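Since the structure comes first, as structure tokens, the remarks are kept for the end.
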Amino acid sequence: MPRRARLPRSFYARETLLVAREMLGKHLVHRRGHELLAGRIVETEAYVGPDDRACHGHRGLTERTRVMFGEPGHAYVFIVYGRQHCFNAVTESAGYPSAVLVRALEPDEGVHARTDGPGRLCAALDITKQACNGLDLTGDALWLEDRGEPAPRIAATPRIGVDYAGEWAARPWRFVDADSHWLSKKLPREK
DNA sequence: TGCCGGATCCTG
DNA sequence: AGGATCCGGCAA
């Protein structure tokens, strides 16, 4: 069995909006012992630098956001509302806080629970802050892979759950596979 | 040390 | 529509 083609660090070390779009259609894979838990990414959000009021890095470097300020191609996993874990891939360059949140997957290998929503997909893939925050995405535990599938049709909307961010909340930095049935929120109906 | 808000989810 | 739930960040 050939080693799976993980996305290289150079994939992540680029403009966050571009990475967020290109992550659609890639597969997120978590190795848990002998089994793999995986899903096809159908929804992402970009969090872009210290000026973005919705980005955790906006408030500066803290213990919670340390990974986000580090090298690209690492997992930034945090806990919200006491119970939900959220998975991000760190982007751009060290010192610049930016990441792509994965908000929904289409389940494939080993996954039976719901994967629509950032907290649900982490539960379904057994991604936790304790075990996964800071993991190198070019390593053997947690990674993204390109299976050579055609790029999906992409739609952009404002990000979810960041109304506190003022004008930044309106920016269309949520990206979805426009043809997916596995999104965390429905798209506005097409004309 | 204490308080407050949150990149969500579930129930009713 | 509203409550659960608890950690991190900041003020004191």
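Fair warning: this is a prediction, and the values are worked out from it, not measured in the lab. The figures here come from the full heavy-atom set of this structure, side chains too, leaving out hydrogens, waters and symmetry mates. Order of the sequence lines sets the chain letters (A, B, ...), proteins ahead of strands, with each chain counted from 1.
- Note: CG (A/Asn133) to P (C/dC7) measures 15 Å, nearest angstrom.
- A cation-pi arrangement is absent between A/Arg83 and A/Tyr81, since the terminal nitrogen or guanidinium carbon is not both under 6.0 Å from the aromatic centre and inside a 45° cone about the axis.
- We find that CG of A/Leu183 is positioned 21 Å from P of B/dA7, with the value rounded to whole Å.
- Put simply, the side chain of A/Thr138 does not reach to within 4.5 Å of the side chain of A/Trp143, judged on heavy atoms.
- Taking the six-membered ring for Trp and the full ring otherwise, A/Tyr47 and A/His56 have centroids separated by 6.0 Å or more.
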Close N or O pairs between protein and nucleotides 9-12 of chain C (under 3.5 Å):
residue, atom, partner, partner atom, Å
C/dG9, OP1, A/Thr62, OG1, 2.0
C/dG9, OP1, A/Arg64, N, 3.3

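- As a whole-Å value, the separation of A/His85 NE2 from C/dG8 P is 11 Å.
- Side-chain contact between A/Glu45 and A/Pro158: absent, with no pair of heavy atoms (C-beta onward) separated by less than 4.5 Å.
- The neighbour count for A/Arg147 CZ, taken as heavy atoms of other residues, nucleotides or ligands under 6.0 Å away, is above 12.
- Between A/His58 and A/Asp51, the side chains place no donor N or O within less than 3.5 Å of an acceptor N or O (distance only, hydrogens not considered).
- A/Ile79 comes within 4.0 angstrom of nothing in the nucleic acid, heavy atoms only.
- A/Lys185 comes within 4.0 angstrom of nothing in the nucleic acid, heavy atoms only.
- A/Arg120 contributes atom CZ, which lies 15.0 Å from atom NE2 of A/His85 (distance to the nearest 0.5 angstrom).
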Identify the pairs formed between an N or O of the protein and an N or O of nucleotides 10-12 of chain B at a distance under 3.5 Å, and give each distance.
residue, atom, partner, partner atom, Å
B/dC10, OP2, A/Arg120, NE, 2.9
B/dC10, OP2, A/Arg120, NH2, 2.8

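- Residue A/Ile154 is grouped with residue A/Val48 when hydrophobic side chains (ILVMFWY) are merged at heavy-atom distances under 4.5 angstrom, including chains of intermediate members.
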Can you check side chain to side chain contact (heavy atoms under 4.5 Å, CB included) on A/Val42 and A/Val176, steps first, answer last?
CA-CA 6 Å; A/Val42 295; A/Val176 303; over 6 Å; no

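- For the pair A/Tyr164 and B/dG6, the ring geometry does not qualify as stacking, because the centroid separation below 5.5 Å and plane angle under 30° are not jointly satisfied.
- Using modelled atom types, one finds no donor on one side chain facing an acceptor on the other under 3.5 Å when comparing A/Glu106 with A/His181.
- Between A/Arg174 and A/Glu43 there is a side-chain heavy-atom pair separated by less than 4.5 Å.
- Between the P atom of C/dC6 and the CD atom of A/Gln130 lies a distance of 12 Å, rounded to the nearest Å.
- Counting to the nearest Å, the P atom of B/dA7 and the CZ atom of A/Arg171 are 18 Å from each other.
- Atom CE in A/Met68 sits about 11 Å away from atom P in B/dA7, given to the nearest Å.
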Identify the pairs formed between an N or O of the protein and an N or O of nucleotides 2-5 of chain C at a distance under 3.5 Å, and give each distance.
residue, atom, partner, partner atom, Å
C/dT5, O2, A/Tyr81, O, 2.7

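- Rounded to a whole Å, the CZ atom of A/Arg174 is 11 Å from the P atom of B/dT8.
- If you check B/dA7 for Watson-Crick or wobble pairing at under 3.5 angstrom, you find it has no partner at all.
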